[in-house]
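In what follows, a structure is listed as structure tokens, so that the remarks can point back to it.
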Amino acid sequence: MVEWFTVVQVAVAVAAGLFCLVAGLMGRLPNDFTLGATAVVFVFLLGQVVVALIAPVVGNVTSGSLLEFWTYLVSAVLLPPLAGFWALIERNRWSNVILGVVCLAVAVMVWRMNEIWFVQGA
Amino acid sequence: MPPHSSSRAVGVGRVLIAVYGILALAATARSAVQIIERFDEAPLAYVLSAVSAVVYIAATAALLGRGRTWYMVALVAIIFELVGVLAVGTLSLTMPELFAHPSVWSWFGAGYLFIPLVLPILGLVWLAKRRGDIETSDSVAVGDTVGGR
């Protein structure tokens with residue numbers, strides 16, 4: 001993992017999550033902005049997949065469990081598309097709340113991945 | 001007024017189901033990793049971790065389902081979760097050598113922002129409200145056609 005990329009990713013996911021959450025609670029329906037914010041979170045996750053594939057090859061290895069790391073990463077990658085499809089099928093304010101919850105969950109998971117990669121010794 | 005408030009309850013319920021789904025995914029993934037990597041360290045805690053994962057999946061599916069059977073499955077699963085998080089939460093403090101291992105229920109779900117402790121309570125509240133909806137919609141069905149709105 002690359003720390004600055006992860007920090008940016010967590011910040012983006014938190015911002016997107018709060019934005020979708022507020023939009024939903026204000027009664028807005030899922031729109032290009034909330035779905036777009038979730039899509040940005042998804043693209044960052046795909047970026048993290050690429051980083052995680054390349055990092056070990058160039059000597060950036062995890063201090064923790066690689067299996068645990070990838071379990072988190074794959075789980076996180078699944079969430080935004082699922083919430084996005086949900087928002088497309090069921091167009092009401094609560095779908096925006098769900099998009100927000102999912103983005104915040106992704107932020108927590110990426111943070112946890114960062115701990116597994118850097119902090120968790122032996 | 002009643003149609004509006006009931007659709008709203010269904011709406012909030014969707015968020016509840018989504019959170020249950022995320023928790024089911026998290027608990028399943030985590031217990032799979034624990035059992036594959038270090039089952040020997042705490043077999044009891046990790047088996048319970050897997051059980052909790054299965055129950056979260058059951059609760060998610062049951063909340064999505066309609067009708068009385070799914071309602072009862074959801075009720076049993078959610079009560080099981082509440083008992084589980086209280087029991088394992090207490091045991092992780094009183095018997096740390098057996099239970100002080102990270103799982104959704106350890107330390108009352110502190111590793112998951114106490115969501116596992118709060119969620120069953122919200123789930124029971126929502127089920128109680130929905131039961132009211134089912135009963136009124138059954139008995140109101142006739143009145144609805146008469147009223148015309």
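Within every chain, numbering begins at 1; the chains are lettered A, B, ... in the order of the sequence lines, protein sequences first and strands thereafter.
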With hydrophobic residues grouped by side-chain heavy-atom distances under 4.5 Å, do [X] and [Y] end up in a single group?
X	Y	answer
Val97(A)	Leu64(B)	yes
Leu82(A)	Val43(A)	no
Tyr112(B)	Val33(B)	no
Met72(B)	Trp70(B)	no

Note: vs chain B, highest number of non-hydrogen pairs under 4.5 angstrom among Val108(A), Thr71(A), Ile98(A) is Ile98(A)
The interface call for Glu37(B) against chain A, heavy-atom contacts under 4.5 Å, is side chain
Is there side-chain contact between Ile17(B) and Trp86(A), with at least one heavy-atom pair below 4.5 Å? yes
Would you check if Leu79(A) and Leu25(B) make a side-chain contact, meaning some heavy-atom pair closer than 4.5 Å? yes
Distance col, row Arg30(B):CZ vs Ser75(A):OG, nearest 0.5 angstrom, shows 11.5 Å
Rounded to the nearest 0.5 Å, the CZ atom of Arg93(A) sits from the CZ atom of Arg14(B) at a distance of 15.0 Å
Listed pairs under 3.5 Å, donor-acceptor, residues 7-22 of chain A side chains, sequence neighbours left out:
| residue | atom | partner | partner atom | Å |
| --- | --- | --- | --- | --- |
| Gln9(A) | OE1 | Gln48(A) | NE2 | 2.6 |
| Gln9(A) | NE2 | Phe44(A) | O | 3.3 |

